Peer 1: 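I have a structure I would like to understand better, so I am pasting it below and will then ask my questions one at a time.
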There are 2 protein chains.
Amino acid sequence: MKSAAKAVQAEEPAETGAQQIRDAIREAIVERRLSPGTKLSESDVGNLFKVSRTLARAALQALSYEGLVSVEKNRGAFVAYPSPEEARQIFAARRLVEPGILREAAARITPADIRQLKQLLLEEGRLMSERGQTARRAEIKASGDFHLMLAEISGNAIMQRFMEELVARSSLVIALYGQSTASSCGHSEHGDIISAIESNDLDRACQLMLHHIAHIETDLDLRERKSLGLKEAFEL
Amino acid sequence: MKSAAKAVQAEEPAETGAQQIRDAIREAIVERRLSPGTKLSESDVGNLFKVSRTLARAALQALSYEGLVSVEKNRGAFVAYPSPEEARQIFAARRLVEPGILREAAARITPADIRQLKQLLLEEGRLMSERGQTARRAEIKASGDFHLMLAEISGNAIMQRFMEELVARSSLVIALYGQSTASSCGHSEHGDIISAIESNDLDRACQLMLHHIAHIETDLDLRERKSLGLKEAFEL
DNA sequence: GGCGATGAAATTGTATACGATCTTTTGCAT
DNA sequence: ATGCAAAAGATCGTATACAATTTCATCGCC
């Protein structure tokens, strides 16, 4: 899955220790095992992974560059709690870049890619029918992977990395503001997009992609929640 | 200039120590006082800024996330030396996102913004006519700031940050592969884009932007240079 | 009883120390 | 003189230690 990125530059792991921790925490955030706002103290993270605070700190810093955790000076790191405005910007960014990525991907796509894409779709569908937390988490991941795979196919490692950030942050937004308990991502829409690509109807594919993103956004309740933990919470 | 970003989220400095060093080094790289490939040892950076290796290391790590320095395991950090392929991807990414940013910016632009944009243009022109390293560096910065200001006007902090990364990395690419000793960025083209925005001709503005980016790319010599420091260098 | 000040505990910010890896130099043998 | 090998030097990777800041609980005062 990372082959495209490696082809561009000999991107050596460099700091494998912190890298592993970073990836583990990121996965936990994206799969929503860690809720927004959860405190991630350096000591706790270090103890959990059996490393010193130095590495824990480096991992948390790295995650803050991706926007998945916010570190506040002298207060510590927390799983990011994106504001409604930030959520809007994340999806605006996706609407801005994903059609372009789709076009680039379509120009380079191979039959093998399409097969893999359909494979992913199948897996996604299978997980959707299952029940249980584990299946739900895997489904979340699979639905994101669809968008990520398109970015990979596009062959642009920079856009790919950007999309990884956007998809991860989207997961946080959905965890916070998503309403429908059902699947977060319209599954059938992914299939429609593939079909449009196959029939070489790029304009339609882009249109579908925009609708798809808008559809996800529609499911959010982005009203400002001002904590309301004072009196309002009790005066209904 | 960072007002838009701060308005979105209370993005506290968090780690002001490493932050300052990071910004200083980034500025040096973008203004081309540091050449691609230059070694940035943790000790040297630490001594230079009178801090411990810990902070120097954190700053270098941060810069590596932005793609401005590459850290190689057990070997150290170097000012990034983008490959031709990476250079292509950077400009492909800019072609992909800048028209979109331009459209968003045009939708929200105020007369005050336009005034500021023209002010920047004027400054850019003034610097272009001057000679000397200092003026050249300021010109490089100003020409990048034009694109950055559009991103700021667009009101999307995420796209703004991404553009900051792309512009910075573009500077590295131009330093490496740029041919014309003259101004790196077609100055008049910036003015044309503003004019198109003013006359509300968005399609033309986007077209001009694409041409502008392509124009910068044309000035690059992206042929693979395989060091050729062996015999070829002497057998002419 | 509520409210503000003071001090202890916890947590982060930064520096230093030590072990591991890579680079360079030196010395020996061919 | 050349080439390889071993050791010295430099640099990075990680852990630990101490200082600074924040948080929280306790105590006194109103």
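Computation of the quantities below employed the complete heavy-atom set of this structure, encompassing side-chain atoms and omitting hydrogens, waters and symmetry-equivalent molecules. Residue numbers start from 1 in every chain, and the chains themselves are labelled A, B, ... in the order their sequence lines are given, proteins ahead of strands. What you are looking at is a predicted structure, and each value in this text was computed from that prediction instead of being measured.
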Peer 1: Quick one: is C/dT12 close enough that its OP1 or OP2 comes under 4.0 Å of any side-chain N or O from A/Arg57?
Peer 2: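 No.
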Peer 1: Quick one: side-chain hydrogen bond (donor to acceptor under 3.5 Å, both in side chains) partners of A/Ser170, sequence neighbours excluded?
Peer 2: A/Arg94
Peer 1: Quick one: side-chain hydrogen bond (donor to acceptor under 3.5 Å, both in side chains) partners of A/Glu31, sequence neighbours excluded?
Peer 2: A/Arg33
Peer 1: Without decimals, in angstroms, what is the distance between B/Glu72 CD and C/dC22 P?
Peer 2: 12 Å
Peer 1: Heavy atoms, side chains only, cut-off 4.5 Å: are B/Ile158 and A/Phe162 in contact?
Peer 2: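 Contact flag for B/Ile158/A/Phe162 side chains = yes.
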Peer 1: If you assign each of A/Lys50 and A/Arg75 to its closest nucleotide in DNA chain D, which residue comes earlier from the 5' end?
Peer 2: A/Lys50
Peer 1: Can you pull every protein N or O that's under 3.5 Å from an N or O on nucleotides 17-21 of chain D?
Peer 2:
unit_1 : atom_1 : unit_2  : atom_2 : d
D/dT21 : O3'    : A/Asn74 : ND2    : 3.4

Peer 1: Over all strands shown, is A/Ser41 touching base, sugar-phosphate only, or nothing at heavy-atom distances under 4.0 angstrom?
Peer 2: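 Sugar-phosphate contact only.
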Peer 1: Using atom NZ of B/Lys73 as one end and atom P of C/dT21 as the other, report the distance to the nearest whole Å.
Peer 2: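 The answer, rounded to whole Å, is 8 Å.
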Peer 1: Rounding to an integer number of Å, can you tell me how far B/Lys39 NZ sits from D/dT11 P?
Peer 2: 6 Å
Peer 1: Using the salt bridge (Lys or Arg N to Asp or Glu O under 4.0 Å) criterion, which residues pair with B/Glu27? Sequence neighbours excluded.
Peer 2: none
Peer 1: Are the side chain of A/Gln89 and the backbone of B/Gly155 linked by a donor-acceptor contact shorter than 3.5 Å?
Peer 2: yes
Peer 1: Given D/dC12, C/dT16, D/dT16, which nucleotide is nearest the side-chain atoms of B/Ser52?
Peer 2: C/dT16
Peer 1: Sequence neighbours left out, what passes ring-ring contact (aromatic ring centres under 6.0 Å, His included) with B/Phe146? Give chain and number order.
Peer 2: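 For B/Phe146 the ring-ring contact (aromatic ring centres under 6.0 Å, His included) partners, ignoring immediate neighbours, are B/His190.
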Peer 1: Could you give the CG-to-P distance, from A/Asn47 to D/dT16, as a whole number of Å?
Peer 2: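 The distance from CG of A/Asn47 to P of D/dT16 comes to 11 Å, rounded to the nearest Å.
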Peer 1: To the nearest Å, how far apart are A/Gln20 CD and D/dT14 C1'?
Peer 2: 14 Å
Peer 1: Can you tell me how far P of C/dG13 sits from CD1 of B/Ile21, to the nearest Å?
Peer 2: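 Taking atom P of C/dG13 as the reference, CD1 of B/Ile21 is at 14 Å.
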Peer 1: For A/Glu42 and D/dT14, give me the distance from atom CD to atom P, rounded to whole Å.
Peer 2: 16 Å
Peer 1: Taking atom C1' of C/dT14 as reference, at what distance in whole Å does atom CD of B/Gln61 sit?
Peer 2: 17 Å
Peer 1: Show every ring pair (Phe, Tyr, Trp, His ring centres under 6.0 Å) that has at least one partner inside residues 43-67 of chain B, sequence neighbours left out.
Peer 2: A/Tyr65-B/Tyr65
Peer 1: Which nucleotide in the list D/dA15, C/dT12, D/dG13 gets nearest to the side chain of A/Val51?
Peer 2: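 For the A/Val51 side chain, the nearest candidate turns out to be D/dA15.
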